[in-house]
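Structure, as structure tokens:
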Amino acid sequence: MCGIVGFVGVEHAALPQLLDGLKRLEYRGYDSAGVALATPAGIAVRKAKGKLSALEGTLGTLPVEAPCGIGHTRWATHGRPTDENAHPHLDCHGVIATVHNGIIENYQELRQELLDLGHRFASDTDTEVIPHLLEEYGANEDLVRAVRLAEKRLKGAYAFLALSSRQPDQVVAVRRSSPLVVGLGSGENYLASDFSAFLARTKRAMVLENGDMAVVTPTAVEITDLQGYPQSRDVLTIDWDVRQAERGGYPHFMLKEIMEQPEVWGDCLLGRTDGDRVVVPELGLAPEQLDGIRRVQVVAAGTAYHAGLIGKILIERLARVPVTVDVASEFRYSQPVLEAGTMVVAVSQSGETADTLACVGLAKALGYPTYAVTNVVGSTVTRESARVVYTHAGPEIAVASTKAYTTQILVLTLFALALAAAKGRPRPDLVRAIRRVPNLGAQLLADVAGIQAMAKRLAESRDIFYMGRGLDYALAMEGQLKIKEISYIHAEAYAAGELKHGTLALIEEGTPVVAILTEPTLAEKTVSNILEVKARGAEVWAVVDRALARDLPADHIIPLDLAEPELAPAVAAMVLQLLAYWAAVSRGEDVDQPRNLAKSVTVE
Ligand code: M6R
């Protein structure tokens, strides 16, 4: 939540770099934005409620040549989205500016203390206590020292950047849980919430760790802990292709990311099968160690949780190992009962979801091995977990997760197959077949006109019910989330057999029901449920394996060419994504930046 950027250079002015970085980070929050530039005459700030375009309209009289500045794109936590609450925030004299991502939990107490000392506040945010604390601790003379002293007073999970007009050639950064990375240029350096902010300028980067403070100038990056002891961080080369983080001719990132799936599935599977065997060396487990796994506990949020639900079914079905999947925000406070032989798997596209990270911390504290399935190299979960398996989906910019979800499914499928083999239940047929999944995906995407036409009709709905059994129920859960989050149509997912235990009462003439049928062994039962809702007037839209489509009592049918049922979810999911996408487009909604949401949920 919230994106922060900083730039210090000599030859280039900061403003265009900050705006470009903010544009690339806008997916992290977009209810207001702002920039601050350091000049010897003082800090120049512009900020505005609304998207970046609103800020751009306010930049007219800024000192455009200033070579050092910070910027912010906001997802509101404390205080409504207004011009006043937008970052950067200043101290009483306009000498110090800060941008911040995360939450200062003790801000009320600090604010009162600062008010008592005579400080004047201009916003309702928790952030504003930082510049005033810095002022109190002498930032006018020595920003670095003041940051060290002020940081000791803050409680919470956050990252912030501080800039002073008295030292206009440096930005001071602190990381305490919320992500922060440094980009290394030539005669210029960058700070940002994630790499995508500066990938077009440099691929050399360092990831700051919790408790790190960085003093960044055009020619140096000095990292210390908060006591001032030097810390050394590896310089990484980020191999994401910057074009992947651009729209590339598509009207929306979401459509581009949906269409990229067959290709990124190829990347995800590359080198991970060898003949009839699954090879995932990143797991760091020999077959005998895999055999020692008695239970799997998945923790995740949102779409990643739905991927975990698919993983559960596959691991239990193929390897006969029990799996529990928990929503991270519940698990962390549930006093979980874990047993010896439990492997804890955190699934997270961003690797920064606060609740998921808390679960990893909890599992570690309880002494259980933690594995991360994530997309983002260097993200916090990669450093907190014992082992990491990357999904290789490339940057996912649209708030609605698509390619990250299907690659999570593929990784969990590979894991299920590896575990099954270790447990003496190898499935060479599935290992061979999984290599065909990218082609099946490409085949589906070659002709999507029918899906587009159906989505336009679904877009007129007030409520939509999704139903399925087994894997199809897990898919239904993702389908309903996708349509809700970008088209704002109310949607619910039900295990098909569960409808008649209450929800059937809501079905009336014309109620749209999306039925998913990719599991041949369960199809007959789902067909009965289709008949039940049709008998009450529902209009049924079936997403169905072509082999099951004949005589299906549905009003609209999207037939799919699928591999074995265990490998169907990734392909079938694309139909649900496209339905949601075109429904939102047809309603004129802001597909990539849906209201109230942000890409990474880095606060509780
Ligand atoms: O980065 P993560 O995978 O941990 O994010 C988890 C959820 O916030 C995320 O999947 C969210 O539900 C998506 N916006 C759904 O499309």
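Every number for a ligand or one of its atoms is a count from 1 in the order of the listing. These numbers come from a predicted model, not from an experiment.
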Under a 4.0 angstrom heavy-atom cut-off, which atoms of ligand 1 come close to [X]?
X	answer
A400	16 (O)
T353	1 (O), 2 (P), 4 (O), 5 (O), 6 (C)
V399	13 (C), 14 (N), 16 (O)

Within the structure, is a non-hydrogen atom of [X] found at a distance of less than 4.0 Å from ligand 1?
X	value
H306	no
T356	no
S600	no

With no hydrogens and no angle check, just 3.5 Å: does a side-chain donor-acceptor pair link [X] and [Y]?
X	Y	result
Y107	H78	no
T303	E478	yes
R74	T125	no
K403	T391	no
E352	T380	yes

Answer yes or no: does an N/O atom from [X] fall short of 3.5 Å to an N/O atom of ligand 1?
X	value
S350	yes
T303	yes
G351	no

Task: Under-4.0 Å heavy-atom contact with ligand 1, by part of E352 that carries it - done: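 For E352, no heavy atom sits under 4.0 Å from ligand 1.
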- [ ] Identify the heavy atoms of W265 and T406 that sit nearest to each other, and give their distance.
- [x]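 Heavy atoms of W265 and T406 come nearest at NE1-OG1, 2.8 Å.
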Atom pairs and distances, donor-acceptor, side-chain atoms in residues 354-365, under 3.5 Å, two or more places apart:
unit_1, atom_1, unit_2, atom_2, d
D355, OD1, R332, NH1, 2.7
K364, NZ, E384, O, 2.9

